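Here's the structure, in structure tokens; my notes come after.
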Amino acid sequence: MVNIYQELREAVTKIDTDKLSELKEKVLKTPNIDVDKLVESIRSGLEEVGVKFESGEYYLAELILIGTEVSEAVQKWKPLFEKRETGKKMKKAVIGTVEGDIHDIGKNIVGMMLASSGFEVVDLGNDVTPENFVQAVRKNKPAIVGMSALLSTTRDNIKRTIDALKENRLRENVKIIVGGAAVDEDFAKAAGADGFATNAADAVPLVKDLLGGI
Ligand code: B1M
């Protein structure tokens, strides 16, 4: 039997917006939705869309369409992420997609997961310059800074941001985690980050671990 996660993955991959609209509602009405499986089905569906875009099967207009649809779905499903709420607010996390990069679906999910685990999340949005990260860290004094990068042309802006934090003597006060399709463990280490998360579900235990197991 096809389950809701498979249906969702297929609707994303086929850019079937009618089916996706139906599933946006169905997900909210389905009891005991597994949020991690939900995220994985849209992530893997979008990954396949990316492959089809690269091979010329899909055009930019289709990439924009599915990107918008999935962003809307994720916002609509926000209550599902909030169900994991632990109650008390803990430490602050400043997050953003780095300069030059407007991909924000993954970063938004990471933000919701952190918020649902008790972090106070300051989301700077996308295309965030190193200077804006510096200002936000100075103002909010977070325990965590999280950066997302999906383009190979923008991932070096992670290092530029970390360097800017160092120049402003703010680096030693924060733990920095990075993620997104353009980065991996080795890149994270070379850029000077404290950790890398392959997916949103891994981001939460990673930050808790970096903060001494809170
Ligand atoms: Co673009 N895009 N895109 N795109 N896009 C990619 C990234 C690409 C791989 C597609 C491809 O060609 N195969 C390719 C990059 C190639 C490269 O650099 N090597 C690409 C390109 C080329 C482009 C444009 C240049 C296209 C053009 O204009 N010609 C352009 C660039 C715009 C810009 O940023 N300046 C562009 C534009 C867009 C849209 C705007 C149309 C849209 C984004 C909409 C939006 O985000 N609001 C879009 C989309 C949808 C994609 C793909 C298909 C899907 C991305 C996505 O949302 N995935 C993508 C293909 C791919 O990723 N393979 C592609 C779902 C999301 C849940 O996964 O973001 O990986 P992800 O997040 C995961 C983990 O990575 C992790 O947790 C998340 C959940 O598990 N994670 C973190 C992410 N951030 C984290 C941070 C953390 C921790 C974990 O800590 C802080």
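Both counts, for ligands and for their atoms, begin at 1 and track the order of listing. It should be emphasised that the depicted structure is a prediction, and the values quoted were computed from it without experimental measurement.
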Which heavy atom in [X] sits nearest to a heavy atom in [Y], and how many Å separate them?
X: Leu23; Y: Trp77; answer: O-CZ2, 4.3 Å
X: Val178; Y: Ala188; answer: CG2-CB, 3.5 Å
X: Ile109; Y: Phe81; answer: CG2-CE2, 4.1 Å
X: Tyr5; Y: Asn32; answer: OH-O, 4.3 Å
X: Gly192; Y: Arg171; answer: O-NH2, 3.0 Å
X: Val121; Y: Leu114; answer: CG2-CB, 3.8 Å

[X] versus ligand 1: do any nitrogen or oxygen atoms come within less than 3.5 Å of each other?
X: Asp104; value: yes
X: Val39; value: no
X: Asn199; value: no

Can you name the atoms of ligand 1, numbered from 1 with element, that are less than 4.0 Å from a heavy atom of [X]?
X: Asp101; answer: 34 (O)
X: Met147; answer: 86 (C), 91 (C)
X: Ser71; answer: 47 (N)
X: Ile177; answer: 90 (O), 91 (C)
X: Gly146; answer: 91 (C)

Any salt bridge between [X] and [Y], counting N to O under 4.0 Å?
X: Glu62; Y: Lys52; value: no
X: Glu69; Y: Lys24; value: yes
X: Glu40; Y: Lys37; value: no
X: Asp156; Y: Arg160; value: no
X: Lys26; Y: Glu7; value: yes

Determine if the distance from [atom] to the closest protein heavy atom is below 4.0 Å.
atom: atom 7 (C) of ligand 1; answer: yes
atom: atom 41 (C) of ligand 1; answer: yes
atom: atom 53 (C) of ligand 1; answer: yes

Does one side chain, of Asn168 or Arg138, offer a donor that lies under 3.5 Å from an acceptor on the other?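 Note: Asn168 and Arg138 side chains meet the donor-acceptor criterion.
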Between Thr154 and Asp101, does any side-chain donor sit less than 3.5 Å from a side-chain acceptor?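 Yes, because at least one side-chain N or O of Thr154 sits under 3.5 Å from a partner of the opposite role on Asp101.
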Take a 6.0 Å sphere around NZ of Lys166 and say whether it holds more than 12 heavy atoms from other residues, nucleotides or ligands.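 Yes, because the 6.0 Å sphere around NZ of Lys166 holds more than 12 heavy atoms from other groups.
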Hey, could you give me the OG/CD distance between Ser21 and Glu72, rounded to the nearest 0.5 Å?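 Answer rounded to 0.5 Å: 8.5 Å.
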Rounded to the nearest 0.5 Å, how far apart are CG of Leu38 and CD1 of Ile33?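 Spacing of CG (Leu38) from CD1 (Ile33) equals 6.0 Å.
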So between Ser44, Ala188, Gly179, whose heavy atom ends up nearest atom 85 (C) of ligand 1?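 Checking each option, the heavy atom nearest atom 85 (C) of ligand 1 is found in Gly179.
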Give the residue, atom name and distance (to 0.1 Å) of the protein heavy atom nearest [atom].
atom: atom 34 (O) of ligand 1; answer: Ile102 N, 2.7 Å
atom: atom 81 (N) of ligand 1; answer: Gly180 N, 3.5 Å
atom: atom 58 (N) of ligand 1; answer: Leu46 CD1, 3.6 Å
atom: atom 72 (O) of ligand 1; answer: Gly106 CA, 3.4 Å
atom: atom 89 (C) of ligand 1; answer: Ala197 O, 3.4 Å
atom: atom 19 (N) of ligand 1; answer: Ser152 OG, 3.3 Å
atom: atom 70 (O) of ligand 1; answer: Ala181 N, 3.9 Å
atom: atom 68 (O) of ligand 1; answer: Arg43 CG, 3.4 Å

Find out whether Glu99 and Thr161 are in side-chain contact, i.e. whether some heavy atom of one side chain is under 4.5 Å from a heavy atom of the other.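 No. Closest side-chain heavy atoms not under 4.5 Å.
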Side-chain heavy-atom pair Lys107, Ile95 within 4.5 angstrom cut-off: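 Lys107 vs Ile95: side chains touch.
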Strictly under 4.0 Å, does any heavy atom of [X] approach an atom of ligand 1?
X: Ile64; value: yes
X: Ile42; value: no
X: Ala182; value: no
X: Thr198; value: yes
X: Leu60; value: yes

Every N, O or S from the protein that is nearer than 2.8 Å to atom 1 (Co) of ligand 1: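 Listed by chain and number: His103 NE2.
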Check for me, please, whether Leu124 and Met112 land in the same ILVMFWY cluster - side-chain distances under 4.5 Å, paths through other members count.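 No: no chain of side-chain contacts under 4.5 Å links Leu124 to Met112.
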Ligand 1 versus Glu40, non-hydrogen atoms closer than 4.0 Å: side chain, backbone, both, neither?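 It is neither part, as no heavy atom is under 4.0 Å.
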